[in-house]
Amino acid sequence: MSAKPEDFFKNIISHCKEYGFIFQSSEIYDGLSAVYDYGQNGAELKKNIREYWWRAMVQMHENIVGIDSAIFMHPTIWKASGHVDAFNDPLIDNKDSKKRYRADVLIEEHIAKIEDKINKEVDKAKKRFENFDEAMFRNTNARVVEYQTKINDIHSRFKTALNDNNLVQVKQIIVDCEIVCPISGTKNWTDVRQFNLMFSTSMGSVAEEGNTIYLRPETAQGIFVNYLNVQKTGRMKIPFGIAQTGKAFRNEIVARQFIFRMREFEQMEMQYFVKPGTEMNWYEYWKAARLKWHQTFGLGNENYKFHDHIKLAHYANAATDIEFNFPFGFKELEGIHSRTDFDLKQHEQFSGKKLQYFDSEENKSYVPYVVETSVGLDRLFLATLSASYKEETLDGGDTRVVLNLPPALAPIKAAVFPLVKKDGLPELAEKIINDLKFDHIVTYDEKDTVGKRYRRQDAIGTPYCITIDHQSLEDQTVTIRERDTMQQHRIAISSLLKFLNEKVSLTSLLKKL
RNA sequence: GCGAAAGUAGCUCAAUUGGUAGAGCUCCAGCCUUCCAAGCUGGAGGUUGCGGGUUCGAGACCCGUCUUUCGCUCCA
């Protein structure tokens, strides 16, 4: 590794741009923050990873089927899921301590402090007077009444401000109450801002109250609301799974680290519906199955670890992350959650529809429990690419940049070169390409010396280069050069297709599962 | 969001204290070449991220803004 660790990630990002994997969105207009486009090679690699996931989930499991639900969904779905309420907090920053607070929490804590003062007064009075009438005291004691008036005043102002969505007024309350930051002790506040995680738009030509539509912040809800449709029409028996890949959108306050945290990203989720009480067995099953799937990429088993959640979300009774050793450290790649029956129960309540499964063995109906596996496709892309990226120094001092991508995932499976651009070699190359292109993405290059052409293919991770020389015209053989070892051997043109099918198909990966 | 650094050709970088924007690679058209980049000739490509300001004159100095990276913060 010739690059220093701090430069390594930068080099990967540059490489992604230079070789058509990832471009900044809207680059000619100065870019759009935390949004990226996939280029010609990136789109292929991403598609291949998605395809591998889909086949490993849907094709390899008789009891898992896939769906493709819409990004737009009924707004009540996000009320049921908890996303509307959980992500509507007014936030404020203290400029001195750089700490961020929820404005409503600051105000409520301030009110609580005043209440404490009242309680102290009451306690003092209790000790002083016999036959103490607390209610009377609270209504008559001048100091207590003053405190209580203050509380009522703040309460009513705060309620009005929230109802009117008046963030300026919320800040004014904080200023008027002289609330200070517990860390810096100063009153140097920013304006109050509303950070809503969900992007919204409106349906219909007129933007009116009540027709707000959200861009989904997770694909899972599209599975939950279709769970009964799929179960009935597919005659699915528990346990069964529903898989889905698709875009999701989160208006992240801080989105960074290249494509690791983007505002628009793609998820690959599978919700597994199980009998209540068996969920922990399936949770353990999917933990092991998903880790094994990741390991088949061959990026190094030491680069993966589980990170169990200690503090669980309200809907989960167990949760873990599979973390990957990214260039910037171990970070979440996939989440595996035991989501209980929370989501389906919520949707039963909000929709008024029964979402139960009739278990013929038990002879009773119940709401299934759910075990979720959810992996970020863009993160998986970044993991694959960054672990494959190698800056090598060869014998003789030459250097090369190579992507040791799993061959089945490489954007281009083989490049075909005429050794020289004459004597009928280009024509033979074209013929070979025309034979192979029905099954594999192959490319042609005749420019520059053959060594240079090999390096270009190394840089985008093409596993095989096929070179046509003068001998090829005589005996119908070519040399095939392997990316990682740079070794080559002769092979009959007629056996090229079989060779590639064996080496670069997804089957080879699926058989490792 | 705060702090720090950066932004010049597709890429990597130059450009004396402010004085005519350059090089290498890439790319394109040729020539030469029988297996691991950097042989020859010619060519294309830049309102120096964007917008103001100071100045006779700004890539450089000042202000604003956008984007990226790092640290903090956040991450159902």
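Below, chain A is the first sequence line, B the second, and so on; all start at residue 1.
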- Query: Is a donor-acceptor pair below 3.5 Å formed from side chain A/R481 to base B/rC36, judging by atom type as modelled?
  - Reply: yes

- Query: Between A/F381 and A/Y38, is the ring centre distance below 6.0 Å?
  - Reply: yes

- Message: Side chain of A/Y36 only, heavy atoms from C-beta on: which candidate in B/rU69, B/rU12, B/rA37 is closest?
- Response: B/rU69

- C1' spacing across the pair B/rC25 / B/rU69, given as an integer number of angstrom: 24 Å

- Query: On a whole-Å scale, what distance lies between the C1' atoms belonging to B/rU26 and B/rA9?
  - Reply: 11 Å

- Query: How long is the line joining CG of A/D37 and P of B/rU67, in whole Å?
  - Reply: 15 Å

- Mind calculating the distance between CG (A/L473) and P (B/rU34) to the nearest angstrom? 14 Å

- Task: Just call it for A/S81: base, sugar-phosphate, or nothing, with non-hydrogen atoms closer than 4.0 Å on any strand.
- Result: nothing

- Task: From the options B/rC35, B/rA37, B/rU68, select the nucleotide whose nearest atom is closest to the side chain of A/T449.
- Result: B/rA37

- Message: Can you tell me the base-pairing partner of B/rG39? Count Watson-Crick or G-U wobble geometry only, both distances below 3.5 Å, and say none if there is no partner.
- Response: B/rC31

- Do A/Y369 and A/F273 pass the ring pair (Phe, Tyr, Trp, His ring centres under 6.0 Å) test, and can you show the C-alpha distance, the side-chain angles, and the key distance before you say yes or no? CA-CA 6 Å; A/Y369 270 46; A/F273 299 88; over 10 Å; no

- Give the rounded distance in Å between these two atoms: CD of A/E218 and C1' of B/rC75. 14 Å

- Task: Give a yes/no answer on whether the side chain of A/Q24 brings an N or O atom under 4.0 Å of OP1 or OP2 in B/rU68.
- Result: yes

- Message: Rounded to whole Å, please give me the gap between CG in A/D448 and P in B/rA38.
- Response: 9 Å

- Query: In whole angstroms, how far is the C1' atom of B/rC27 from the CD atom of A/E446?
  - Reply: 15 Å

- Query: Do A/V478 and A/T467 have side chains that get closer than 4.5 Å, going by heavy atoms?
  - Reply: no

- Task: Spell out, as yes or no, whether a donor-acceptor pair under 3.5 Å connects the side chain of A/R250 to the backbone of A/M262.
- Result: no

- Message: What's the gap between B/rU33 and B/rC40 when it is taken at their P atoms, as a whole Å value?
- Response: 15 Å

- Item | Separation of B/rC11 P from A/E27 CD (nearest whole Å) | 7 Å

- N or O in side chain of A/K452 less than 4.0 angstrom from B/rU26 OP1/OP2: yes

- Query: Any idea which of B/rA76, B/rU68, B/rC75 is nearest the A/S33 side chain?
  - Reply: B/rU68

- Note on the structure: Against the side chain of A/F9, the closest entry in B/rC70, B/rU12, B/rC35 is B/rC70

- Report yes if a donor N or O on one partner sits less than 3.5 Å from an acceptor N or O on the other, where the partners are the side chain of A/T479 and the base of B/rC35; otherwise report no. yes

- To the side chain of A/L419, which of B/rC35, B/rU33, B/rU69 is closest? B/rC35

- Item | Per A/D469 side chain, nearest of listed nucleotides B/rC35, B/rC75, B/rU34 | B/rC35

- Query: Has A/K17 got a side-chain N or O lying under 4.0 Å from the OP1 or OP2 atom of B/rC11?
  - Reply: yes

- Let me know, please, whether A/E332 or A/L32 comes out on the 5' side of the other along RNA chain B by nearest nucleotide. A/L32

- Whole-angstrom distance between B/rU34 and B/rC28, as gauged at atom P: 22 Å

- Note on the structure: Re B/rU54: Watson-Crick or G-U wobble partner, both distances kept under 3.5 Å, found to be none

- Item | Whole-Å P distance, B/rG22 and B/rG46 | 14 Å

- Length of the CD-P vector between A/Q487 and B/rC35, whole Å: 18 Å

- Query: Expressed in whole Å, how much space separates the C1' atoms belonging to B/rC61 and B/rG1?
  - Reply: 29 Å

- Query: What is the pairing partner of B/rG7, taking Watson-Crick or G-U wobble pairs with both distances under 3.5 Å in any strand?
  - Reply: B/rC66

- Query: Would you say a side-chain N or O of A/R456 is under 4.0 Å from OP1 or OP2 of B/rC27?
  - Reply: yes

- Query: Got a donor-acceptor contact below 3.5 angstrom from the A/Y214 side chain to the A/T201 backbone?
  - Reply: no

- Item | Distance, C1' atom - from B/rG49 to B/rG59, rounded to whole angstrom | 12 Å

- Task: Using the P atom on both, measure B/rG24 against B/rG43 and round to a whole Å.
- Result: 13 Å

- Item | B/rC2 pairs with, by Watson-Crick or G-U criteria that keep both distances under 3.5 Å | B/rG71

- Query: Expressed in angstrom and rounded to an integer, what is the separation of A/F260 atom CZ from B/rC75 atom C1'?
  - Reply: 10 Å

- Looking only at N and O atoms, is any donor in the side chain of A/E18 or the base of B/rC11 less than 3.5 Å from an acceptor on the other one? no

- Message: Would you say the rings of A/F260 and A/F326 are close, in the sense that their centroids are separated by under 6.0 Å?
- Response: yes

- Item | Shortest non-hydrogen separation from A/Q271 to A/A220 and the atoms involved | NE2-CB, 3.3 Å

- Query: Can you tell me the Watson-Crick or wobble partner of B/rG22, both distances under 3.5 angstrom?
  - Reply: B/rC13

- Output the single nucleotide from B/rU33, B/rC75, B/rC36 whose closest atom is nearest the side chain of A/M486. B/rC36

- Message: Any N or O donor-acceptor pair under 3.5 Å from the base of B/rC75 to the side chain of A/R250?
- Response: no

- 5'-most contact on RNA chain B: A/R379 or A/V35, nearest heavy atom basis? A/V35

- Message: Just to be sure I understand the rule, does A/K331 reach a base, reach only the sugar-phosphate, or reach nothing, if contact means heavy atoms closer than 4.0 Å?
- Response: nothing

- Once you round to the nearest 0.5 Å, how far does NE2 of A/H347 lie from OH of A/Y227? 12.5 Å

